[in-house]
Amino acid sequence: MEELFCYNVAAIPDAGDPVNRAIAAGDVIRGIRECNEHLLRTLVTYPPRAATLAFRWVFSPAPSPAERQGRLAIMLIVRAQDANLARNLRVLIECSDLKAYYGLRSGQPRKPPVRYGASCDITRPERSIRPLHSVDLNPAIPPRYYSCHTFNPRSTNDCLLLDRVLDRIDEPVMLEVALEPVDLSGENLLHTRSIAQLQSVNRTHELDAEDDLLAVDPFEPGAYPRNGNLTVIKPLRRRDPIADDILRQRRRFHETLGAPHLHFHLRAFAQTRAVAQLMASVIAESAFEDGSYALWPCEPDSECFPQMLDATERGAVFAQPTLDRVFGQHAALYGGFAMLGHVATVDELLSAFAIPVAGRGQLRCLRKNTEPAPVPYEHFLILGHDE
């Protein structure tokens, strides 16, 4: 039977804290990154969709100065297909140094605290590229070329940019990075066949050796001599330089498909579309370099929006469909690639599957483990009164 549980982050580790430095053998940021990598390397070995790990950030505005460092709650959500797998994941997390760094406390996942009005997803960049020639000039040319690029991870991500930006937001926000193992053998096979078709675009038409000597381009001068000699007309095969560029990129991308992948969603919820898109862009810029990502806003009236909220409550991964939005009427050509924009290797996702590590500066929405615990407002002793 499926199990769902979570761990709440008590405080953010201070990279300068002697205790944390002792645990990490001097480099706290590297030590925490290694813990996250261990989690993901283990997750990717499980059967497809058997388990999900998610970091969830829940931001709630607070007008009181005393509550400002408690505006952001972070939790690690775990979903397991059965009790044995749940026990394995509990041991993996509770025996990890993450528990010591972040003071993880076992709890129950909470439903989204408010009804959000918009969301924005982050995916790998997929592109629909128009060929130089039409099918009339080369029957092997498709109506559109497909291109998908991997993430370029930013290894220095400490998530502190999110803390600074959230400090200026005055509406509820929820951010989530959810990952689960996936089987890409079917997509790998389809991509292999697609590359073979792409190679045929600029391949010379094959004729019998005898006919090949007589073959000419029908648009060349002298294609129809008047002396009555037989001339074989070749089918049109106009070369498309774009196909060669796409082929080189697709071959590089294909090499990555043999590695284990994780199905993911990287998502920001907010009350307004502008804030949801802003927060998604902050996540993406923190985690990935060179703009190697795509942003997909979604409104509540979209048919996939309820599915996003349902997946959040169940602790599951739901990827917003994007292939139709990229290719429009030509989406059926690449229907087998619908998942490629929503999967990535552990190396690509490691910079996104992260939570803050505090440096020398003060956190705005979170508390460091070296700072005193917050005092409830009702325990304050007020001296004087301003009109």
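What's counted below: heavy atoms across the whole structure, side chains too, no hydrogens, waters or symmetry copies.
Applying the salt bridge (charged side-chain N to carboxylate O under 4.0 Å, His left out) definition to pairs two or more places apart or across chains, those involving residues 292-304 are Arg273-Glu299. The ring pair (Phe, Tyr, Trp, His ring centres under 6.0 Å) contacts involving residues 73-124 comprise Tyr116-Phe269, where partners must be two or more places apart or lie in separate chains.
Side-chain contact between Leu247 and Gln199 is present, with heavy atoms from C-beta onward closer than 4.5 Å. The side-chain heavy atoms of Phe59 and Pro172, taken from C-beta on, include no pair separated by under 4.5 Å. Side-chain atoms of Leu190 and Glu187, non-hydrogen and from C-beta on, never get closer than 4.5 Å to each other. At a threshold of 4.5 Å between non-hydrogen side-chain atoms, the residues Val28 and Asp17 do not count as touching. No side-chain heavy atom of Leu72 sits less than 4.5 Å from a side-chain heavy atom of Val58. Side-chain contact between Ile74 and Pro356 is present, with at least one heavy-atom pair separated by less than 4.5 Å. Side-chain contact between Leu295 and Ile122 is present, with at least one heavy-atom pair separated by less than 4.5 Å. Between Val165 and Leu161 there is a side-chain heavy-atom pair separated by less than 4.5 Å.
Judged purely by atom type and a 3.5 angstrom limit, Arg154 uses its side chain to pair as donor or acceptor with the backbone of Glu285. Within the 3.5 Å criterion, the main-chain N or O of Phe327 finds no donor-acceptor partner in the side chain of Ser128. A distance-only check finds a donor-acceptor pair linking the side chain of Tyr334 to the backbone of Arg144 [under 3.5 Å]. Within the 3.5 Å criterion, the main-chain N or O of Glu171 finds no donor-acceptor partner in the side chain of Gln271. A donor-acceptor pair under 3.5 Å links the side-chain atoms of Glu371 to the main chain of Lys368, judged by distance alone. Panel note: side chain Asn157, backbone Ser351; a donor-acceptor pair is recorded below 3.5 Å. In this structure, the side chain of Ser286 engages the main chain of Val282 through a donor-acceptor pair within 3.5 Å. Listed for the His263 side chain is no donor-acceptor partner under 3.5 Å among the backbone atoms of Val317. Side-chain atoms of Asp290 never come within 3.5 Å of backbone atoms of Asn152 as a donor-acceptor pair (strictly under, hydrogens ignored).
Inspection of the His342 and Thr322 side chains reveals an N or O donor paired with an N or O acceptor under 3.5 Å. Residues Ser185 and Asp183 bring a donor and an acceptor atom of their side chains to less than 3.5 Å of each other. At a cut-off of 3.5 Å, with distance as the only test, a side-chain donor of His254 or Thr192 sits close to an acceptor on the other residue. Under 3.5 Å, the side chains of Arg33 and Asn36 contain no donor-acceptor pair of N or O atoms. Judged purely by distance below 3.5 Å, without hydrogens or angles, the side chains of Asn369 and Asp14 never pair a donor atom with an acceptor atom. Using a 3.5 Å distance cut-off with no hydrogens or angles, the side chains of His149 and Arg127 do pair a donor with an acceptor. For the residue pair Asn202/Asp244, the side-chain donor-acceptor check at 3.5 Å is satisfied. At a cut-off of 3.5 Å, with distance as the only test, a side-chain donor of Ser194 or Arg250 sits close to an acceptor on the other residue. Side-chain atoms of His265 and Glu176 form a donor-acceptor pair, as typed in the model, at a separation below 3.5 Å. Side chains of Gln320 and Gln307: a donor-acceptor N/O pair is absent below 3.5 angstrom, by distance only.
Across all their heavy atoms, Asp240 and Pro131 have their closest contact at OD2-CB, 3.4 Å. Smallest separation of non-hydrogen atoms from Arg124 and Ala344: NH2-CA, 3.6 Å. Nearest heavy-atom pair, Cys298 versus Cys304, reported as atom, atom and distance to 0.1 Å: SG-SG, 3.6 Å. Residues Gly335 and Leu323 share a closest heavy-atom pair of CA-CD2, 3.9 Å. Of all non-hydrogen atoms in Ser119 and Met308, the two that sit nearest each other are OG-SD, 3.3 Å. Across all their heavy atoms, Pro61 and Asp170 have their closest contact at CG-C, 3.6 Å.
In this view, Glu2 and Arg79 satisfy the salt bridge (Lys or Arg N to Asp or Glu O under 4.0 Å) rule, not counting sequence neighbours. With sequence neighbours left out, Asp167 forms a salt bridge (Lys or Arg N to Asp or Glu O under 4.0 Å) with Arg68, Arg71, Arg364. A search for side chain to side chain contact (heavy atoms under 4.5 Å, CB included) contacts involving Ala10 returns Arg105, not counting sequence neighbours.
The hydrophobic clustering, which links ILVMFWY residues whose side-chain heavy atoms are closer than 4.5 Å, places Ile93 and Ile77 apart. Val19 and Leu98 fall within the same hydrophobic cluster, where Ile, Leu, Val, Met, Phe, Trp and Tyr residues are linked whenever their side-chain heavy atoms come under 4.5 Å apart, directly or through other members. Under a hydrophobic-cluster definition in which Ile, Leu, Val, Met, Phe, Trp and Tyr are linked whenever side-chain heavy atoms come within less than 4.5 Å, directly or via other members, Ile169 and Leu366 are assigned to the same cluster. Under the 4.5 Å side-chain contact rule for hydrophobic residues, Leu184 and Phe318 do not share a cluster.
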Kindly list each side-chain donor-acceptor pair under 3.5 angstrom involving residues 41-48, sequence neighbours excluded, with atom names and distances?
{"from": "Arg41", "atom 1": "NE", "to": "Glu37", "atom 2": "OE2", "distance (Å)": "3.2"}
{"from": "Arg41", "atom 1": "NH2", "to": "Glu37", "atom 2": "OE2", "distance (Å)": "3.1"}
{"from": "Arg41", "atom 1": "NH2", "to": "Asp347", "atom 2": "OD1", "distance (Å)": "2.6"}
{"from": "Thr42", "atom 1": "OG1", "to": "His38", "atom 2": "O", "distance (Å)": "2.9"}
{"from": "Thr45", "atom 1": "OG1", "to": "Thr42", "atom 2": "O", "distance (Å)": "2.5"}

Show your working on side chain to side chain donor-acceptor pair (under 3.5 Å) between Thr345 and Glu348 and close with a plain yes or no.
-> CA-CA 5 Å; Thr345 62; Glu348 290 176 75; 3.2 Å; yes
Where do Leu266 and Thr123 land on the side chain to side chain contact (heavy atoms under 4.5 Å, CB included) test, with the steps shown first?
-> CA-CA 7 Å; Leu266 307 179; Thr123 70; over 6 Å; no
Stepwise side chain to side chain contact (heavy atoms under 4.5 Å, CB included) test for Ile246 and Ile129 = CA-CA 9 Å; Ile246 298 296; Ile129 301 171; 3.2 Å; yes
Begin from the C-alpha positions of Glu3 and Gln81 and carry the test side chain to side chain contact (heavy atoms under 4.5 Å, CB included) through to its verdict.
-> CA-CA 7 Å; Glu3 291 193 25; Gln81 195 175 50; over 6 Å; no
Given Leu179 and Thr52, is the side chain to side chain contact (heavy atoms under 4.5 Å, CB included) satisfied, shown in steps?
-> CA-CA 6 Å; Leu179 314 172; Thr52 305; 6.0 Å; no
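Of the charged side-chain nitrogens involved, at least one lies within less than 4.0 Å of a carboxylate oxygen, so that Arg314 and Asp310 count as a salt-bridged pair. Electrostatic pairing of Arg21 and Asp27 does not count as a salt bridge here, judged by no charged N lying under 4.0 Å from a carboxylate O.
Annotation: Phe151 is in aromatic contact with Phe264 [ring centroid separation under 6.0 Å]. Between Phe353 and Phe55, the distance from one ring center to the other falls under 6.0 angstrom.
For the pair Arg90 and Phe5, the distance from NZ or CZ to the six-membered ring centre is under 6.0 Å and the angle to the ring normal is within 45 degrees.
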